[in-house]
There are 2 protein chains.
Amino acid sequence: MVKPSGKTKRDAKTGILDAADEIFVRRGIDGARMQEIADHAGVNKALLHYYFRSKADLARAVWLRIASSFVPGIFQMMASDLPLDDKIDRFVEAYHAKLMRHPYLLAYVVNEAARHPEIVGDFLSAERRRAARRMIRKLRAQIADRTKAKRVAPLSAEQFLVTLAASCLFPFAARPMIASLLGLGPKAVDAFMEQRRKDLPAFLKRAIR
Amino acid sequence: MVKPSGKTKRDAKTGILDAADEIFVRRGIDGARMQEIADHAGVNKALLHYYFRSKADLARAVWLRIASSFVPGIFQMMASDLPLDDKIDRFVEAYHAKLMRHPYLLAYVVNEAARHPEIVGDFLSAERRRAARRMIRKLRAQIADRTKAKRVAPLSAEQFLVTLAASCLFPFAARPMIASLLGLGPKAVDAFMEQRRKDLPAFLKRAIR
DNA sequence: AGACGGTTTAACCATCTGGTTAGAAAGTAG
DNA sequence: CTACTTTCTAACCAGATGGTTAAACCGTCT
């Protein structure tokens, strides 16, 4: 049996994945053209179909890569023994850093998840589902400690997590609308986001104080 | 001069707009097919081009209609003299009701706004910009009153508004992901959203208490 | 009735798009 | 070097898609 060089192969395949990543995220799956991906990767279009049978296949591969970089690391941190306040700080920080560098990413994720809900499940292996449950359980315990100590109305860990994610992520998804409604230029919006990164943790902690 | 029947004309045109609305929102602009819109409206495809020169034109008309139903009413309420707490209640309530009925709407808005930022500006007339500024000014005063009275760290009205919008809207955009991560079926997610509608106002008020 | 103008349609067209194929390069084993 | 496999490409194809056109339709005015 002949062993392929391995290096060349991986280079071409990951090169295609990188190009597809960029184009799919920028244009959306429907808006992306296989030819543009091929050009961007510096490869013949037929090669895309050689490594990935169809456009849908390629899109799925890209989706899995992106989802893997988006969720597991941060969710593991959220399941750890860190104090709740530190978790909030790190959550805000992590997504702020990631989304500042990939402005189209969230619109892509939201859009494709809404129109092809099945791919969301594709990404969630049994192990990842368990990890999510662990995280929720841990958060629930930490929040219960807090609300009990301070005599505050009880708060569902799920709801808090969603609010945390919403507060961090949504502004990036809604960036153009925020800019228009507040009358801010690109630099001013960046400043607004930076301000937000600093203020948001305190705001959220106050709500569960 | 011949006067067109008026009724028929308006029916056909708005019929097309209604159909286009549904299809564009469901599939996204790139994913929508002119033929599907025509079929859905019960009209020949050429008629779409008779009333709206191109697909882009039709998409723009739909966008403007949706944006008009999405923003101005609620923002006017936010600029009114209502107490801040009531505004929070109404804001949560209004978007909850709207988005429960139009599950794809937010993904559509986020996606198209991200990929065609210019259309966001198209919608914001000078008058609407003024209205937005009025709303911010009013909110700023109301929040200042609160934070001063309760000796809390000052809070930007803009940041609060974004957090409010994020907490209400994002869960609908992220619905499939929430469902998968929390392991909820469609009915359980509805219940989760309903719970959220009830809990969220208190959570937000606590943060600016 | 008949002419006229806006409305609607069937048929058509040029182009684009995802996907295929046959074969050329290029790497590998013997 | 030769035989063989994998990688890569140019050319091609069928179907879809946005858009056009010429003519039919239909109410209204004279």
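Just so it is clear, the structure is predicted and the values come from calculations on it, not from any experiment. Below, read A as the first sequence line, B as the second, and so on, with proteins coming before strands; counting in each chain starts at 1.
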Margin query: How close do L17(B) and R65(B) get, counting heavy atoms only, and between which atoms?
Written below: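 Smallest heavy-atom distance, with atoms named: O-NH2, 3.7 Å.
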Check: Can you name the closest pair of heavy atoms from A113(A) and W63(A) and give their distance?
Finding: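 That closest heavy-atom pairing would be CB-CH2, 4.0 Å.
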Check: OP1 or OP2 of dG18(D) less than 4.0 angstrom from a side-chain nitrogen or oxygen of R33(B), does that happen here?
Finding: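 Looking at the OP1 and OP2 atoms of dG18(D), one of them is under 4.0 Å from a side-chain N or O of R33(B).
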Next item on the list: Taking only the side-chain nitrogens and oxygens of N44(A), find out if one of them lies under 4.0 Å from OP1 or OP2 of dA10(D).
Entry: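 Checking N44(A) against dA10(D): at least one side-chain N or O falls below 4.0 Å of OP1 or OP2.
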To the nearest angstrom, how far is [X] atom [atom1] from [N] atom [atom2]?
| X | N | atom1 | atom2 | answer |
| --- | --- | --- | --- | --- |
| D39(A) | dT9(D) | CG | P | 11 Å |
| K45(A) | dT7(D) | NZ | C1' | 18 Å |
| L47(B) | dG6(C) | CG | P | 15 Å |
| Y50(B) | dC25(D) | OH | C1' | 13 Å |
| K13(A) | dC8(D) | NZ | P | 12 Å |
| D11(B) | dG6(C) | CG | C1' | 15 Å |

What nucleotide, of [options], holds the atom closest to the side chain of [X]?
| X | options | value |
| --- | --- | --- |
| H49(A) | dT8(C), dG19(C), dG19(D) | dG19(C) |
| Y51(A) | dC8(D), dT7(C), dT21(D) | dC8(D) |
| V43(A) | dT9(D), dT20(D), dT7(C) | dT9(D) |

Note to self: Heavy atoms only, 4.0 Å cut-off, all strands: where does A32(B) land among base, sugar-phosphate and nothing?
What the structure shows: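 Sugar-phosphate: the residue A32(B), judged by heavy atoms under 4.0 Å, touches backbone atoms but no base.
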Notebook entry, point to check: NA contact type, A38(A), heavy-atom cut-off 4.0 Å: base, sugar-phosphate, or nothing?
Noted result: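 The residue A38(A) makes no contact with any strand.
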Check: Would F70(B) and Y95(B) count as a close aromatic pair, with their ring centres under 6.0 Å?
Finding: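 Close enough - the centres of the two rings lie under 6.0 Å apart.
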Note to self: Can you confirm whether the side chains of R196(B) and S156(A) place a donor and an acceptor under 3.5 Å from each other?
What the structure shows: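 Distance-only check fails for R196(B) and S156(A).
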Margin query: Let's test your reading of the model: under 3.5 Å, does the base of dG19(D) pair with the side chain of K55(B) as donor and acceptor?
Written below: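 Counting by modelled atom types and ignoring angles, no donor-acceptor contact under 3.5 Å is found here.
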